[in-house]
Amino acid sequence: MAGPLDGYRVVEIAEGVAGPYTAMSLADAGADVVKIEPPQGDRSRGWAPSLNVGDGDDSPLFRALNRNKRGIVLDWSSADDLETARRLLSQADVTVVDKFGLPPELAWDRLDNPGLVYCAISGFGPNGPWADRPASEIGTQMASEATSSLGVLGNEPVRHGSDIGSVFAANNAIQAICAALYARDESDPGHPTGGQRVEVSLFGSLIAMRSTLWVALSNPDEWWGFHLDSYVKPPDHGYQCRDLPIYFSLARIRGEFFDSLIDELGMDWAREHPDYEKLRTDGAGGAGRYAAELTPLWERGFANFDAEQVIEIVERHGGWAFPMHDYERLSRDPQVEAVGAIIDVEQQDGSTMRQIAPPWDFEGTPVSMTMRPAPGLGEHQEEVLAGLAARS
Amino acid sequence: MESEMPGPLDGVRVFDLTLWMVGPWASTQLGALGADVIHIEQPSVDPRTLGAGVPPTINGTSIGYMTWNQNKRGLFLDLKSASDRQTAYELLQTCDVFLINMRPGAAERMGVGYEQVKAVNPDIVYTAITGWGEVGPMRDKPGADVQAQYFTGFWSVSGAEGGRPEVYRHMAQIDATTGNVAAQAVIMGLLARKRTGKGQRVHVGMLRAGMALQSGRLAEYLSTETLHQPLGSAAFATAPDQAFQCQWGDWIGVSVTGEDEWQRFAAVMRESEAEVEGIDDLATDPRWGSNRERVARRSELAALLQTGFEQRPRQYWMLRMSAAGIPCGYPISFETLQHHAQAIENAYLREVETSGWGKVWTGGAPWELSRTPARWFGACLPGEHTGEILDELAARRATADEPAAVGD
C-alpha cells in the first residue's frame, strides 16, 4: 500500500537542512519528489564529515535528508534549463524553495500553475526589515533568544547542536503544505486552482517553539517557574552517577518514602545538611526549583551507584528516572530497536547506511520503510526529463 | 493579521482528548489552521493541575494550559458517565479527527479506543500520541519533554567548547516537535482519506519524533561512530559557522555554508582592512580551500577571524555581511523581541486576549498562507463553550432524518 501522500508531485529547489528535510518528509509519506540541484550540487554534500559510499563523498547529513528523491541538475544561467524548471513547476502540486539564489523567473507570481502550493522557507520571514536577510542556525538561534537557554550569561553563546531552527521550520512547512493541499483539494477536486504561497522561517519557528516561555513572561503570579529561571541557571549536565549521568524527578516522593530513599542511597549525612529541608521538597530533583543548587548533594550520594541502580531505587520509591543517553547508547537501546527508529537504507553501491525512520505510523496507508538512497548529482536527469516530455 | 478568510482546515472538526503539552500543542496548530478544535476536559478537573501544573501560574492556572490550548473551544465531558459518553459518541459523528495522548490502553478504558470510535464514525482519522511508542519495554513508562530530551541525546550535542554537554534549559522542544509531527500526521491522514475514502488509525511517539528531529546529527554519528563533542557556538558540519566577539564585546553569529559564501565572506574580511596576518588571503590560502579543510582547522581559522572581528563594531559586520549575502545574526533579548519589527510584522510574537487571564504574550502562527490565512486566539477556559457545543448537537439532532445512531 502507498503512503498518505501517494500521487502528489513535489519539486524541491533547496539546499542544506530546512528545505531538504521538508521535501524528504513528503517523499517518505509517499509523494514523488524531484530535487533540482545547481551544477555544483547541494552545498550540504560538501559538509563534514565525508562519507565515502554510493556516488561519492557526500556528507552523511546530505544522504540522510535527501532519500526517496529523484535528482536532476539545472543551471539557472541556461534559458533551456530555466524553461525545464518552469515546466516541472507547472505540473507540480508542491514546490519547496529556500532563498539560495532562486531566479526571479521562478517566483510564485511568475508561474503558470494556479493549483501550486508554493512553500518558501526563509531565515527571518516574508515581512519586516530582515525579510531578505540570509540566515543560518547560529544567526536565528541567537536572534530568537534560543541561545539564552544554554551556556552561561555573558560568555560565548552556545548553539543547540542539532539543527533545531531548520528542523522546526521544516516541521512547520510540512504542516502548512499539507493543510494548503487539503484546502485546495477540498475546494477544487480534480482540476485544482486553489494553490497558494506558504511562508515559513527559521526565526519564526524558533519563536513559536518558545511559546510556553513567552506566556510565562506575561506577568505571572510568581517568578521562579522553571521556564523563567532558565535564564539564570548554570549549565545543566544532569546528575552524574558512578558510571553515567541520569535525570530524575521526585514526583510523589514525600515523607517516609523520602526518608527511605535517602536511606537506600546511603545519604545519612544529608540529614545534617543545612539544605536538608529543601532536599525534602518537590523542588529538589530534576527541573525543580532548587535543582541547580542541590545537584552537588545528590551527586555525592549517586557517586556510589551505577546509573542503573539509582534509576531502580528512585522508581521503586515512586519517582521517575531516566538514563541520559549519548548517541551511542541511544542507538543500542532496546526501546529504540523495538519501535524501529533506526532503519537501514541501501545505497547505490550496495552498502547500507543507518538513518532515522519517519516519525508517523499510518495503519491504513502505511509508509514504506524500504527507502531509496539520496540521488547522486543528476542521477535521474534523463528519467525525469523524459517523464516531463511525455506529460507535456 | 486576523482575517475573515477561512483557514486551510476550515470545515475540519477535531475531538481533542489531550492533556499536558504534546497532544494539546498538536491541536493548537490544527486550530490555527482553521479546524474547529473541541478540547475536552473532565468537569471535575482541578484548575491547578491543568497544563500539568507547570509553573508559573496566572490567576491560579498554569501557563502551560494557557499556551497549549489556544485556538480551541472548551467542552466538559465526563467519559466515565454513561450519558456524557453518549454525548461524546454523538459529537464524534460530527468529527473528522480524534486526537489523544494517553498511555496505551487508556482510551479503551474510557470507551474511546479506535474500534469503539470507528464503530461510531468509520471515516475518522484517529490519532494516538504516545511517549515511547506502542511496543517495547518502555511502552508504559510516562513520557514528557524532559525525559525525551535526555533519553534521545538531545542534550549531548550542546555545550561550551571543551566542556561537558548540557541540557537545553527551556523544556518543551521535543514536546512541541512531537505535537507538530502529530499535526502533520493528522493532515496527511485527511489527505489520504480524500484519495481512499477511508479513515484510519495513526500513531506518533515522542521517541521517534525526537530522534527524527536529530536526523542529521544522528546520521553523522551512525555513519562515523564518532560522538560529537560540544563546540560552543560553532557548527559541526561547516566552518566558519559560529559566534565572534566584535569591538566593545558584542557577539555576532556568522555562517559560511558553501564555497560561494566563503568567497564573499573572504572579500568582506579583506575589505574591512582589519590588521590580521593572513586576512587578505582567505580566498586563496590552501589551508581554507574547502569546507572540510576549514572544519578540520576550525580552531586555527576561528582564532584568525576573531582577531579581525574584534577590530570593528558589530553593526559594521552586520551591515557588511548582510550586504554580501552572508547569513548572520546577533543575540536579542525577549524585552527587545517584544517590540522588534521582524517579530511583530510577521506576527511571530503577539499579545492575545484570554477568557480568564487577561492579555498574554505568546508565539503566533509560524506560517503565512496567502489564500487561506492562519488565525490565532487565546486559550479557552476549561468547558467554556459547553453550552454552545451542546446546543449545536441539539440543533443537529432536531434536523436529522433519523435519530443519532449510538455505538459502543
Side-chain angles (χ1 to χ4, degrees), chain A residues 4 43 46-48 60-61 64 125 127-128 130 134-136 138-139 142-143 149 156-157 161-162 171-172 174 176 178-179 183 196-197 199 204-205 207-209 211-212 214-216 218 220 222 225 230 235-237 247 322 324 326-327 330 335 338-339 341 354 356 359-361 363-365, chain B residues 8 33 55-56 63 67 133 136 138 147 150 153 156-158 164 166-167 169-170 172 180-181 184-185 187-188 192 200-201 203 208-209 211-212 214-217 219-223 233 237 243 253 255 258 291-292 295 327 329 331 341-342 345-346 348 360-361 363 366-368 370-372:
Chain A
R43 64 194 57 220
W47 289 0
L61 180 142
N127 312 302
W130 294 359
S136 63
I138 188 62
M142 284 161 74
S149 294
E156 179 190 358
S162 64
N171 273 328
N172 286 322
I174 298 157
C178 291
Q196 58 184 313
R197 182 181 171 88
E199 286 273 0
S205 299
I207 290 176
M209 295 294 271
S211 287
T212 316
W214 306 141
V215 176
S218 302
E222 57 198 339
S230 65
D236 174 358
H237 307 290
Y247 165 78
F322 286 83
M324 289 179 73
D326 59 21
Y327 284 171
L330 174 70
Q335 185 65 21
V339 299
R354 288 196 295 164
I356 305 305
W360 346 268
D361 295 315
E363 292 186 2
T365 56
Chain B
L33 289 165
I63 50 87
T67 311
M138 288 173 68
Q147 295 95 321
Y150 303 144
S156 70
V157 293
S158 306
R164 292 156 70 193
E166 63 169 286
V167 172
R169 295 193 302 271
H170 173 53
N180 286 349
V181 162
Q184 292 165 10
I187 309 168
M188 287 180 186
Q200 62 176 307
R201 186 177 188 280
H203 165 255
R208 271 168 57 194
M211 289 177 71
Q214 303 170 75
S215 286
R217 285 296 90 77
E220 289 160 3
Y221 168 73
L222 293 169
S223 297
S233 64
S255 301
N291 177 60
R292 287 184 185 139
V295 169
Q342 199 58 29
E345 288 183 33
N346 289 290
Y348 289 149
V360 298
W361 281 96
W367 340 270
E368 184 172 298
S370 63
R371 189 174 71 84
T372 59

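Hydrogens, waters and symmetry mates are skipped; everything else that's a heavy atom, side chains included, is used. In what follows, chains carry the letters A, B, and so on, assigned in the order in which the sequence lines appear, proteins first and then strands, with residues in each chain numbered from 1.
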Validation row: A:I356, B:M211 side chains within 4.5 angstrom (heavy atoms): yes

With a 4.5 angstrom heavy-atom cut-off, is it the side chain or the backbone of A:A176 that approaches chain B, or both, or neither? both

Quick one: do A:D361 and B:R208 make a salt bridge, cutoff under 4.0 Å? yes

Between B:W361 and A:V215, does the side chain to side chain contact (heavy atoms under 4.5 Å, CB included) criterion hold? Intermediate values first, please. CA-CA 5 Å; B:W361 281 96; A:V215 176; over 6 Å; no

Point-to-point distance, once rounded to the nearest 0.5 Å, from [atom1] of [X] to [atom2] of [Y]:
X	Y	atom1	atom2	value
B:R169	A:S230	CZ	OG	6.5 Å
A:C178	B:M188	SG	CE	4.0 Å
B:N180	A:I174	CG	CD1	9.5 Å

Flag, side chain of [X] to backbone of [Y], donor-acceptor distance under 3.5 Å:
X	Y	result
B:R217	A:G161	yes
B:R292	A:W47	yes
B:W367	A:E199	no
B:Q147	A:F322	no
B:E166	A:P235	no
B:N346	A:G125	no
B:E220	A:L61	no
A:E222	B:P56	no
B:S156	A:D326	no
A:S136	B:P327	no

List the steps and the verdict of side chain to side chain contact (heavy atoms under 4.5 Å, CB included) for A:Y327 and B:V157. CA-CA 9 Å; A:Y327 284 171; B:V157 293; 3.6 Å; yes

Which region of B:S233, side chain (C-beta onward) or backbone (N, CA, C, O), has a non-hydrogen atom less than 4.5 Å from a non-hydrogen atom of chain A, or is it both or neither?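 Contact with chain A involves both backbone and side-chain atoms of B:S233.
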
Pick one of side chain, backbone, both or neither for B:V360, based on which atoms fall under 4.5 Å of a heavy atom in chain A.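 Both parts, heavy atoms under 4.5 Å.
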
